[in-house]
Amino acid sequence: MNPHQARSIVAVCLIAAFADGAQDGSEREHVRKVAESLGRDVEIDFIALYQDVLLGRLGLEAVVAELDSAALRQLAFELAVGVCEADGSRNPQEAAFLERLAALLGLERGEAGRFVDEAEALAQAPVTAAPEAEAEGVAPAPASAAIDRGELERMILNASILNGALELLPQSMASMAIIPLQIRLVYRIGKAHGYELDRGHIKDFLATTGVGMTGQYVEQLGRKLVGGLFGKAFGKLGRAIGSQATGSAFSFATTYAIGQVALRYYGEGRRLDAAGLKAMFARLFEQARGLQANYAGEIEQRARTLDLGKLTAELRA
């Protein structure tokens, strides 16, 4: 995949990010910062691309026309689906956008629909799901009557390693699994402290910390594009491990910071305000970025042994 093709795919994803017409100012700003960050890594003016999409100067038809292979068109569609599902639901505007995109890309309608349904099921995964890969080497979260902080710390670390490993896999479904696992992590921490959380509360908690789910997914896929992992994966949808140290570190650090903020927030009776949560997340995210290097070997080993199909099936169950 050359930079021009990567630009076209990112453009499709940015158009998808604004397809629902409901992105608020903070989420748009997150996506803008993602574009700015990615623009420092490759010879693509992501900020100009972001502005062209936001202001409607770049049409979907023109972008799609630049994707000259079946593999690129399939990849663009899968990533757009992930963007639309990142916030946990697909509204009618996004459904209409994906249908139009599939038609413009010349994808077979039934196959495209099956992929969308699979992604939707993953995005709506029950917060109580307990995939084996998530619990590998970690005991179940303790009951609120006997909170074991050390066990919760190990659970957070394990979830961070798992999400770092998912970032090393080329399949788009691997990136889609990261946010449901983060939601599941917050649920388990809350439950350990006596709080029975639902999906809506967890999404609000994440948004308050400054973790925009759509922006996070755009950043994950952007780093895969910049790192060339998706390009290397064409025709190799098995266990191809890419040189995605930056993206893996991002997912590890984001998950670790989310878990640690949740541990403090619910452990202290939910007394922190929005500003306090944001400041804590920012501080812990920076700490986690440095910590990730200590677990790089474990993350890569987990990626090599991870059964993605089994993990996503268990999450959807």
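Model, not experiment: these values are computed from the prediction.
Side-chain atoms of Gln124 and Glu85, non-hydrogen and from C-beta on, never get closer than 4.5 Å to each other. Using a 4.5 Å heavy-atom cutoff, the side chains of Leu284 and Tyr256 are not in contact. Taking the side chain as every heavy atom from C-beta outward, Ser172 and Phe77 never approach each other to under 4.5 Å. Leu67 has its side chain within reach of Ile9: a pair of non-hydrogen atoms, C-beta onward, lies under 4.5 Å apart. At a threshold of 4.5 Å between non-hydrogen side-chain atoms, the residues Arg90 and Val81 do not count as touching. Arg57 has its side chain within reach of Gln51: a pair of non-hydrogen atoms, C-beta onward, lies under 4.5 Å apart. Residues Arg184 and Val127 have side chains not in contact (no heavy-atom distance under 4.5 Å, counting atoms from C-beta outward).
In this structure, Gln260 CD and Gln287 CD are separated by 8.5 Å, a value rounded to the nearest 0.5 Å. Here the CD1 atom belonging to Ile258 is positioned 13.5 Å from the CG atom belonging to Leu263, to the nearest 0.5 angstrom. Atom CD1 of residue Ile161 and atom OG of residue Ser251 lie 13.5 Å apart, to the nearest 0.5 angstrom. Atom NE2 of residue His201 and atom OG1 of residue Thr208 lie 8.5 Å apart, to the nearest 0.5 angstrom. Considering CG of Leu60 and CZ of Arg100, their distance stands at 5.0 Å, rounded to 0.5 Å. Atom-to-atom distance recorded for Leu272:CG and Lys278:NZ is 12.5 Å, nearest 0.5 angstrom.
With salt bridges taken as basic N to acidic carboxylate O contacts below 4.0 Å, none links Glu268 and Arg271. Using a 4.0 Å cut-off between charged nitrogen and carboxylate oxygen, Arg114 and Glu118 do not count as a salt-bridge pair. Salt bridge status for Glu78 with Arg73: absent, with no side-chain N to carboxylate O gap under 4.0 Å.
For the residue pair Leu152 and Ala192, the shortest heavy atom distance occurs at CD2-CB, 3.9 Å. For the residue pair Leu315 and Ala125, the shortest heavy atom distance occurs at O-CB, 3.1 Å. Between Ala288 and Phe252, the shortest heavy-atom distance links the atoms O-CE2, 3.7 Å. Between Leu197 and Arg270, the shortest heavy-atom contact is CD2-NH1, 4.4 Å. Contact between Phe281 and Thr254 at its shortest, heavy atoms only, is CE1-O, 3.9 Å. Taking every heavy atom of both residues into account, Tyr195 and Gly269 meet most closely at OH-CA, 3.5 Å.
Residue Leu14 is tested with Leu58, Leu49, Asp52 for a side-chain contact (heavy atoms from CB on, under 4.5 Å); the sole match is Leu49.
Within 6.0 Å of atom CD in Glu99, 12 or fewer heavy atoms from other residues, nucleotides or ligands are found, so the atom counts as exposed in its surroundings.
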Is there a side-chain contact (heavy atoms from CB on, under 4.5 Å) between Leu181 and Leu166 once you walk through the steps? CA-CA 11 Å; Leu181 285 166; Leu166 284 168; 3.5 Å; yes
With side-chain contact (heavy atoms from CB on, under 4.5 Å) as the criterion, how do Gln292 and Ile299 come out once you've worked through the C-alpha distance, each side chain's angles and the decisive distance to 0.1 Å? CA-CA 9 Å; Gln292 185 271 344; Ile299 292 170; 3.6 Å; yes
Show, in sequence, the C-alpha distance, side-chain angles and deciding distance for Arg302 and Asn163, and conclude whether the side chain to side chain donor-acceptor pair (under 3.5 Å) test is met. CA-CA 10 Å; Arg302 182 72 70 89; Asn163 280 347; over 6 Å; no
Between Leu101 and Ile15, is a side-chain contact (heavy atoms from CB on, under 4.5 Å) present by the stated rule, with each step listed? CA-CA 10 Å; Leu101 177 61; Ile15 294 171; over 6 Å; no
Given the rule in the side-chain contact (heavy atoms from CB on, under 4.5 Å) test, do Ile178 and Leu162 qualify, once you have shown the distances and angles that lead to the verdict? CA-CA 9 Å; Ile178 291 173; Leu162 175 57; over 6 Å; no
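Judged by distance alone, the side chain of Glu298 and the main-chain N or O of Tyr295 form no donor-acceptor pair under 3.5 Å. Between the side chain of Ser175 and the main chain of Gln171, no donor-acceptor pair closer than 3.5 Å is present. Of the possible donor and acceptor atoms, one in the side chain of Ser248 sits under 3.5 Å from a partner among the backbone N and O of Gly164. In terms of modelled atom types and a separation under 3.5 Å, the side chain of Arg289 and the main chain of Phe285 share no donor-acceptor contact.
Checked against a 6.0 Å centroid threshold, the rings of Tyr266 and Phe205 count as neighbours.
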